[in-house]
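None of the values given here were measured: they were computed from a predicted structure. Hydrogens, waters and symmetry mates play no part in the numbers below; they use all other heavy atoms, side chains included.
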Amino acid sequence: MDAWSTRFKSTWLDSRDACIALDEKLAKLVGGHWNMRGQNASPVAVLPLRCEATSDGLRTLGMSPSSSIHCTILLALLGELLLCAEEGGILRKDSVTRFAAGEPERAAVGEVLRLMRNAVCHPASTSDYDEETSIASFADFVMENFKEETWASSLKSRPGDLGKREVTFFALRLVQQLGWERAERWRVNLKGTKRPHGY
C-alpha cells in the first residue's frame, strides 16, 4: 500500500458512514441559514461540497503525486466547510477566533487552515493585501507554529512547492483533526473510524 492510501485509511474520510453522518449534520446547519428544514435540507440539496463525494475524489486523486495540489485544494475547502457551517460565513479571522474559543492549539489549526485555503485558492497572490494572504504568509505561519513541517521553508523561494505531496499530507492531518473536533462538538458518531490520540 502506498503512503497516501495508508494515511487516508487512518482518517474519518475513509469511512463512508462517517462522511454521511457529517454531511447530514452540515446540511442541517447550512440549511438553517437558508431557512431549509427537513427533507429540503438534505446534503444533496444544500451542500455544494459534501464529505462523502469529496472523500471519494480524494481517495482516487491522492494515488497520483501529480494530483497533490488538487487534493490540497479539496481538503482546504472541506476544512472551510467544517469550520464555517455553524456561522454560515466565509473563513475569515473572526471565524478562526470563534472556533478557537481562546485555545491556542485550536487557534493555530484554524488559522493555518485559513492561510492554506487562501494560498491554494489564490495561487497568483504575491503579497498581503486586504487580509488576503499569499503563499509566503502560509509558509511563515507553518514555520512558526508547526516546526516539524520542514517543507514550509521551501515555499518562500519556490511557491510551486505548494503542489507537493507533503503539503497534502499536512492538509489531510488538519482535516482529520478538524473533523473529529466538529464531530465531538456536534455529537456526530463517526462510525467505522478509530478515534485518534488526543480525543
Show your working on salt bridge (charged side-chain N to carboxylate O under 4.0 Å, His left out) between E86 and R98 and close with a plain yes or no. CA-CA 10 Å; E86 283 184 345; R98 283 191 299 273; over 6 Å; no

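No donor-acceptor distance shorter than 3.5 angstrom exists from the side chain of T11 to the backbone of R7, with no hydrogens or angles considered. Of the possible polar contacts, none joining the W34 side chain to the A41 backbone as a donor-acceptor pair under 3.5 Å is found. Judged by distance alone, the side chain of S95 and the main-chain N or O of R92 form a donor-acceptor pair under 3.5 Å. Distance alone, capped at 3.5 Å, places no donor-acceptor pair between the H122 side chain and the I135 backbone. Side chain of T168 to main chain of S68: a donor-acceptor pair is present (N/O by atom type, distance under 3.5 Å, no hydrogens or angles). At least one donor-acceptor pair closer than 3.5 Å links the side chain of S15 to the backbone N or O of K191.
With salt bridges taken as basic N to acidic carboxylate O contacts below 4.0 Å, none links E80 and R114. A salt bridge does not link R16 to D56: none of the charged nitrogens lies less than 4.0 Å from a carboxylate oxygen.
Checking E181 against Q176 by side-chain atom types alone, no donor-acceptor pair falls below 3.5 Å.
The side-chain heavy atoms of L77 and V120, taken from C-beta on, include no pair separated by under 4.5 Å.
Shortest non-hydrogen contact noted between N40 and A45 is O-CB, 3.7 Å. Summarising the geometry of S66 relative to S64, their closest heavy-atom pair is OG-OG, 2.8 Å, with the distance given to 0.1 Å.
In R37, the CZ atom is crowded: over 12 heavy atoms of neighbouring residues, nucleotides or ligands sit closer than 6.0 Å. Around atom CD of E105, no more than 12 heavy atoms belonging to other residues, nucleotides or ligands sit under 6.0 Å away.
A cation-pi contact, defined as under 6.0 Å to the ring centre and within 45° of the axis, is absent between R59 and F8.
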